[in-house]
Amino acid sequence: MTGILEGNDLQAISNYIKSGKCKNITLMLGAGVSTAAGIPDFRSPGTGLYVGNFANLARLNLPYPEAVFEINFFSSNPVPFYTLANELYPGKFRPTLTHAFIRLLSEHSLLSMCFTQNIDTLERRVGVPENKIVEAHGSFASQRCIKCGTPFDSAKIKEMVLNFSKDKVVPRCEQKGCRGLVKHDIVFFGEALPKAFGQAPGYIRNSDLLIVIGTSLTVHPFASLAEIAPDTCPRVLINMETVGSFGEREDDVILLDKCDKVIKDLCKELGWEEELVKIWEET
Ligand code: CNA
């Protein structure tokens with residue numbers, strides 16, 4: 001026990017933040033942060049893209065669900081990805097209270113860095129400064145040809161994706177003689193993570209608190225970051241289930257509930273509830 005937190009509950013986190021000793025908070029986020037916005041995660045029973053009803057992905061005629069995010073499969077059949085992109089495209093969804101909390105941490109100068117696995121860009125949309133976000137699995141924010149690497153126009157691809165359900169036109173490179181498939185800069189299975197992800201261990205080692213929200217901690221190397229937190233950096237998990245190695249450290253705080261509810265309760269304790277709701281209502 002490090003003695004940094006006075007307990008393993010929400011009150012203890014709130015007291016620590018209010019004490020002024022907790023100056024740098026690093027966040028690790030997953031798809032659970034955006035489920036309340038209407039974007040299904042991968043693995044929640046009944047609603048996740050990989051399970052239950054949203055086998056949903058079954059209508060895309062995939063050999064197995066993960067194929068939709070595999071580069072080899074995409075190269076031979078990009079239609080399932082673009083069908084899904086049409087449904088999940090940024091602009092169709094509003095940030096959640098948890099996204100508003102990220103901005104609030106930043107406004108209180110407490111946000112060290114937000115490492116997100118999400119590709120929905122809702123962290124940007126809620127107004128978290130770009131230099132405080134690392135989209136570890138990329139995002140829909142940019143795109144390029146998978147053959148020659150030439151970037152593709154954002155406005156043009158947006159129109160194509162939004163019309164994909166009726167037009168079924170897959171974007172192709174416009175460089176002379178190329179015609180390669182265009183893919184968003186989302187990290188597919190088998191692709192390298194963005195360079196900025198390399199900074200993650202340094203941020204976590206220098207943090208006073210690590211908060212992990214809405215992730216099954218099953219996708220590596222992202223998931224392994226939670227192991228890096230030193231004794232001086234207590235770990236908090238806000239999720240529907242216990243995941244990873246949470247619970248193995250005496251000072252781990254595990255808050256099992258919908259993240260928006262936990263965040264609202266935490267902000268109430270911190271006296272930030274009004275600010276939180278104001279940010280959320282504005283976005
Ligand atoms: P996952 O494996 O589907 O796990 C989600 C986790 O969140 C589960 O443990 C759930 O119990 C939990 N959860 C779901 N809803 C809530 C909620 N309201 N409050 C608290 N916890 C909740 O997803 P991961 O993010 O762990 O997997 C990594 C993949 C998912 C990344 O590569 C992403 O790109 C990918 N993904 C992203 C999005 C998005 O951008 N919104 C959507 C779907 C998948």
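When a residue number appears, it is its place in the shown sequence, counting from 1. Numbering of ligands and ligand atoms starts at 1, following listing order.
- Interface of T35 with ligand 1, defined as ligand atoms under 4.0 Å from a residue heavy atom, comprises 15 (N), 16 (C), 17 (C), 18 (N).
- At the shortest separation from atom 20 (C) of ligand 1 among protein heavy atoms lies C259 N, 3.4 Å.
- Near D257, meaning under 4.0 Å from any of its heavy atoms, are these atoms of ligand 1: 19 (N), 20 (C).
- With respect to atom 10 (C) of ligand 1, the closest heavy atom belonging to the protein is S44 OG, 3.7 Å.
- Ligand 1 lies nowhere less than 4.0 angstrom from a heavy atom belonging to A36.
- Both the backbone and the side chain of T215 come within 4.0 Å of ligand 1, counting heavy atoms alone.
- Remark: ligand 1 atoms within the under-4.0 Å shell around heavy atoms of G214 are 5 (C), 6 (C), 7 (O), 21 (N).
- Nearest non-hydrogen protein atom to atom 32 (O) of ligand 1 is H137 ND1, 2.7 Å.
- Here the heavy atom of the protein found nearest to atom 12 (C) of ligand 1 is N239 OD1, 3.2 Å.
- Between E107 and R103, at least one side-chain N (NZ, or NE/NH1/NH2) sits under 4.0 Å from a carboxylate O, which counts as a salt bridge.
- Given atom 4 (O) of ligand 1, the protein heavy atom at minimum distance is S216 N, 3.3 Å.
- The contact set between ligand 1 and K258, taken as ligand atoms under 4.0 Å from a residue heavy atom, comprises 19 (N).
- A donor atom on one side chain and an acceptor atom on the other are not found under 3.5 Å apart for T35 and D41.
- Using a 4.0 Å cut-off to heavy atoms of S34, the atoms of ligand 1 that qualify are 41 (N).
- Residue contacts with ligand 1 do not include L88, since none of its heavy atoms lies under 4.0 Å from the ligand.
- Residue M240 touches ligand 1 through backbone and side chain together, judged by heavy-atom distances below 4.0 Å.
- Interface of E241 with ligand 1, defined as ligand atoms under 4.0 Å from a residue heavy atom, comprises 8 (C), 9 (O), 10 (C), 11 (O).
- Of the protein's non-hydrogen atoms, Q117 O, 2.9 Å is the one closest to atom 34 (O) of ligand 1.
- Here CE of M28 is found 5.5 Å from CG of L217. Values are rounded to the nearest 0.5 Å.
- Heavy atoms of V219 found under 4.0 angstrom from ligand 1 belong exclusively to the side chain.
- Of the protein's non-hydrogen atoms, I119 N, 2.8 Å is the one closest to atom 40 (O) of ligand 1.
- P40 counts as a contact of ligand 1, since one of its heavy atoms falls under 4.0 Å from the ligand.
- Formation of a donor-acceptor pair under 3.5 Å by the K264 side chain with backbone atoms of V277 is not found in this model.
- Within ligand 1, counting atoms from 1 as listed, the ones closer than 4.0 Å to a heavy atom of G30 are 25 (O).
- Residues D120 and E123 approach most closely at OD1-OE1, 4.1 Å, considering heavy atoms.
- If you look at L122 next to ligand 1, there are no close heavy atoms at all, none under 4.0 Å.
- Counted by atom type alone, D260 and T98 present one or more donor-acceptor pairs between their side chains at under 3.5 Å.
- The pair D208-K23 does not meet the salt-bridge criterion, since no charged nitrogen lies less than 4.0 angstrom from a carboxylate oxygen.
- Using a 4.0 Å cut-off between heavy atoms, I39 contacts ligand 1 through its side chain alone, with no backbone atom that close.
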